[in-house]
Amino acid sequence: MTRRAPEDLADAVRKVCRGIRVVDPVLATESLIHGINPLAAREREVLVAVGAGHAIAEVAKLLRLSEGTVRNHLSAAIGKTGTRSRSEAAAVARERGWL
């Protein structure tokens, strides 16, 4: 994903304020390629924590979940991202703009 200039953002905000719909072509293309975000809110939270380098026990403590529940969310996220590991799932989800 590419970064946009501040002027582009300001222009988009002005258009939205005038009632014009603004669709970023890069984001629209990414959405068409990768589809809608299949991850549940908790799966995203768990992947963000894992992506920050936290171990399962730490993620459980941070999110006030059991370690088994964290593992279940990771398993679901791994399946939905088509990856093999929790770190790979976090990277793919971040890459696709799902986090």
Side-chain angles (χ1 to χ4, degrees):
M1 196 180 303
T2 60
R3 299 259 179 213
R4 304 304 296 254
E7 298 81 25
D8 291 341
L9 176 60
D11 184 50
V13 170
R14 284 191 283 279
K15 287 178 180 176
V16 169
C17 287
R18 292 193 314 260
I20 300 170
R21 183 175 298 179
V22 177
V23 178
D24 180 76
V26 173
L27 291 177
T29 301
E30 289 289 320
S31 178
L32 289 173
I33 292 170
H34 300 298
I36 61 169
N37 186 344
L39 300 172
R42 275 298 201 188
E43 292 164 356
R44 290 191 305 269
E45 290 174 340
V46 168
L47 287 177
V48 167
V50 165
H54 295 291
I56 289 177
E58 295 171 319
V59 174
K61 202 176 232 182
L62 283 169
L63 300 178
R64 298 174 193 221
L65 300 170
S66 72
E67 290 182 28
T69 300
V70 170
R71 284 187 190 93
N72 287 341
H73 287 307
L74 285 172
S75 179
I78 289 168
K80 290 176 181 180
T81 56
T83 56
R84 295 184 199 178
S85 70
R86 58 185 179 222
S87 59
E88 190 180 349
V92 166
R94 189 176 307 105
E95 200 174 274
R96 293 181 180 174
W98 294 345
L99 298 183

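Take Val13 and apply the side chain to side chain contact (heavy atoms under 4.5 Å, CB included) test, not counting sequence neighbours, and it matches Leu9, Cys17. Listed by chain and residue number, Glu45 satisfy the side-chain hydrogen bond (donor to acceptor under 3.5 Å, both in side chains) test with Arg42 (two or more places apart in sequence, or in another chain). With sequence neighbours excluded, the residues forming a side chain to side chain contact (heavy atoms under 4.5 Å, CB included) with Asp11 are Arg14, Lys15, listed by chain and number. Partners of Thr83 under the side-chain hydrogen bond (donor to acceptor under 3.5 Å, both in side chains) rule, at least two apart in sequence or in another chain, are Thr81.
Listed by chain and number, the hydrophobic cluster partners of Ile78 come to none, as no ILVMFWY side chain reaches under 4.5 Å of it.
Atom CD in Glu88 sits 10.0 Å away from atom CD in Glu95 (nearest 0.5 Å).
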Which donor-acceptor pairs under 3.5 Å do side chains of residues 52-66 form with protein atoms, sequence neighbours excluded?
from	atom 1	to	atom 2	distance (Å)
Glu58	OE1	Ala55	N	2.7
Ser66	OG	Thr69	N	3.0
Ser66	OG	Thr69	OG1	2.9

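Summarising the geometry of Ala90 relative to Leu99, their closest heavy-atom pair is O-CD1, 3.7 Å, with the distance given to 0.1 Å. Scanning both residues, Ala77 and Leu47, for their nearest heavy atoms gives CB-CD1, 3.7 Å.
Applying the salt bridge (Lys or Arg N to Asp or Glu O under 4.0 Å) test to pairs two or more places apart or on separate chains, those with a residue in residues 67-85 are Glu43-Lys80, Glu67-Arg71.
Val50 and Trp98 fall within a single hydrophobic cluster, where Ile, Leu, Val, Met, Phe, Trp and Tyr side chains are chained together by heavy-atom contacts under 4.5 Å. Leu74 and Val92 sit in two unconnected hydrophobic clusters of ILVMFWY residues. Membership requires side-chain heavy atoms under 4.5 Å apart, directly or through other members.
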